[in-house]
J.: 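Structure below; questions to follow.
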Amino acid sequence: MGGLNGHRYKKEKPMLKLFRATLFSVATLVMSMGTAWADPVDDAQAITTDVSSRIVSLIQSGGTADTKRDDLRDILIEFGEMDTVARVIMGVSWRTASEAQQAAFQDAVTSYLAGKYVKMFGSYEGQTIHIKRAEDLGRKGILVYAEAINPNGGETIKMDWRFSAHTGSVKLVDIIVEGISMLSTEREVVGQLLDKSNGDVDALIAELR
Amino acid sequence: MHIPATKVVLPVLVPVMMLMGCASTEGQSTLINDPIEPVNRVSHSINKGLDSVLLRPAAKGFSALPERVQTGMGNAASNLAEPLDAVNFTLQGEAKPALDAIARVTLNSTLGLFGLIDLAGALGIKNSDTDFGETLHSWGSGEGAYVELPVLGPSTTRDTVGKVVDAVLNPLDLLDSGISDDQQLAASAVGAVETRSDMMDPLDAVLYDSPDSYVAARAAWVQARRAALGNGETEADDLIDLY
């Protein structure tokens, strides 16, 4: 039977061959476009699942606080829109800061936030992160509503993951725990530091490191 | 002590509350009104000192207790708050949580062994907390200015008035419940230690890892309070602009 099929294939007409090849490339193109056009809200949920499980496993790893911070920093760089995060946290001074200062601040604030997130998740050991739903809030980005559920029946902690889809790909910008946004809180703290140093961005960067 | 407090505090409070009632919640921005920051910073340094020598070590000790003991102590402390919760839910026009609070304190104080066991919770009557600050919010009062109270911690002018009214309205005192002021104070202390213990790492991050712990505590507390008074879910308006 195999020989017969092979025989038939060899005798296939050139037009048919061309047709099959075209069909195959169109199908591939449609499939790849399907990936690019995936619903950003679905993407945000998938990233939340992925990132939260990575964070939980790095928190539960036996590493030191510094190793955990460095690992979380890598996660932020991979999944976060850190230039947006840095700009929002620095506030109005971002516009007058030099490109070098912006880059140095982004680097410093990424490590600083990684340390904060390690602390934040440090208390939630053993809890599972359950996604309730996700919503496209337009200009404000995409919000994934999740909660950390304590298997021992303790309090459930609300945890909203905020994404931006502004650049075309869906990127993490904030985690809001029980209504407390990391972005808003650190923007206030950084604003105060800048006030204290009369807007000295280099002093701010030194303070965060 | 609560009887003279009623006589002294109410005539002062009623006009203050009426004034605050005029301050509408509409157009409340994400900004924080903090006109007495220098005074608040003094309270903050006192509170931070108290945390490092008293509350934090107590919370560490609490978390080392067996899980069952922690839960029992927490339940007993929160049980004593139910009657006042029932009063406030009633004032807010929230019938279901008011009745739930009454059912909870009745069940848990008797079959639940003086509140040590949350029997009502196991039966599906869940705990929800409230206070007179929330009652004022439900009546349309704005949050007012940020205040950090010595010992009691972050608050607003509205919520500070709320705390005073709560002290006066507490049915445990008004109804001769047999629960002494000392016992109520102990329950509040257990509640504070339990919360500090539950939030050990996040609160450590705010108080000891932030370049300005006053601002970090203020931002975190105000956001959490607004979220607690909201409809329970983060909305687009709560989020700061990215672009």
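Chain A is the first sequence line, chain B the second, and so forth, proteins listed ahead of strands; every chain is numbered from 1.
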J.: Can you confirm whether B:Glu233 sits close enough to A:Tyr145 that some side-chain heavy atom of one is under 4.5 Å from a side-chain heavy atom of the other?
T.: yes
J.: Measure the CG-OG1 distance between A:Asp160 and B:Thr234 for me, rounded to the nearest 0.5 Å.
T.: 3.5 Å
J.: Which atoms of A:Thr84 are under 4.5 Å from chain B, going by heavy atoms: the side chain, the backbone, both sets, or neither?
T.: side chain
J.: Any side-chain heavy-atom pair from A:Tyr112 and B:Ser210 closer than 4.5 angstrom?
T.: yes
J.: Select one option (side chain, backbone, both, neither) describing which atoms of B:Arg218 are under 4.5 Å from chain A's heavy atoms.
T.: side chain
J.: Using heavy-atom distances under 4.5 Å, tell me whether A:Glu81 contacts chain B through its side chain, its backbone, both, or neither.
T.: side chain
J.: What part of B:Glu37 gets closer than 4.5 Å to chain A, counting heavy atoms only: side chain, backbone, both or neither?
T.: side chain
J.: Quick one: does A:Glu188's side chain get under 4.5 Å of B:Ile32's, heavy atoms only?
T.: yes
J.: Please state whether the side chain, the backbone, both or neither of A:Val189 comes within less than 4.5 Å of a heavy atom of chain B.
T.: both
J.: Check whether any side-chain N or O of A:Lys119 sits under 3.5 Å from a backbone N or O of B:Asp204 as a donor-acceptor pair, and report yes or no.
T.: no
J.: Roughly how far, to the nearest 0.5 Å, is the CD atom of B:Gln223 from the OG atom of A:Ser181?
T.: 5.0 Å
J.: So how far is it from A:Ile157 CD1 to B:Asp198 CG, rounded to the nearest 0.5 Å?
T.: 8.0 Å
J.: Closest approach of B:Ala216 and A:Thr185, non-hydrogen atoms and distance?
T.: O-CG2, 3.9 Å
J.: Looking at B:Asp241 and A:Lys140, is any side-chain nitrogen of the basic one under 4.0 Å from a carboxylate oxygen of the acidic one?
T.: yes
J.: Of the listed residues (B:Ala227, B:Gly230, B:Gly74, B:Ala236), which shares the most heavy-atom pairs with chain A below a 4.5 Å separation?
T.: B:Ala236
J.: What distance do B:Leu242 atom CG and A:Ser164 atom OG have between them, rounded to the nearest 0.5 Å?
T.: 6.0 Å
J.: Which atoms of A:Glu178 are under 4.5 Å from chain B, going by heavy atoms: the side chain, the backbone, both sets, or neither?
T.: backbone
J.: With chain A as the partner, which of B:Ala228, B:Ala224, B:Ala220 has the greatest number of non-hydrogen pairs under 4.5 Å?
T.: B:Ala220
J.: Using non-hydrogen atoms and a 4.5 Å limit, figure out which bit of A:Leu183 sits close to chain B: side chain, backbone, both or neither.
T.: both
J.: Flag the one option from A:Glu207, A:Gln192, A:Arg162, A:Met182 with the top tally of heavy-atom pairs under 4.5 Å to chain B.
T.: A:Arg162
J.: Are more than 12 heavy atoms, taken from residues, nucleotides or ligands other than B:Tyr208, located less than 6.0 Å from that residue's OH atom?
T.: yes
J.: Could you please spell out the steps behind the side-chain contact (heavy atoms from CB on, under 4.5 Å) verdict for B:Leu239 and A:Ile176?
T.: CA-CA 10 Å; B:Leu239 304 173; A:Ile176 302 159; 3.3 Å; yes
J.: Can you tell if the side chain of A:Met120 reaches within under 4.5 Å of the side chain of B:Asp201, non-hydrogen atoms only?
T.: no
J.: What residue, out of A:Lys158, A:His166, A:Lys116, has the most heavy-atom pairs lying under 4.5 Å from chain B?
T.: A:His166
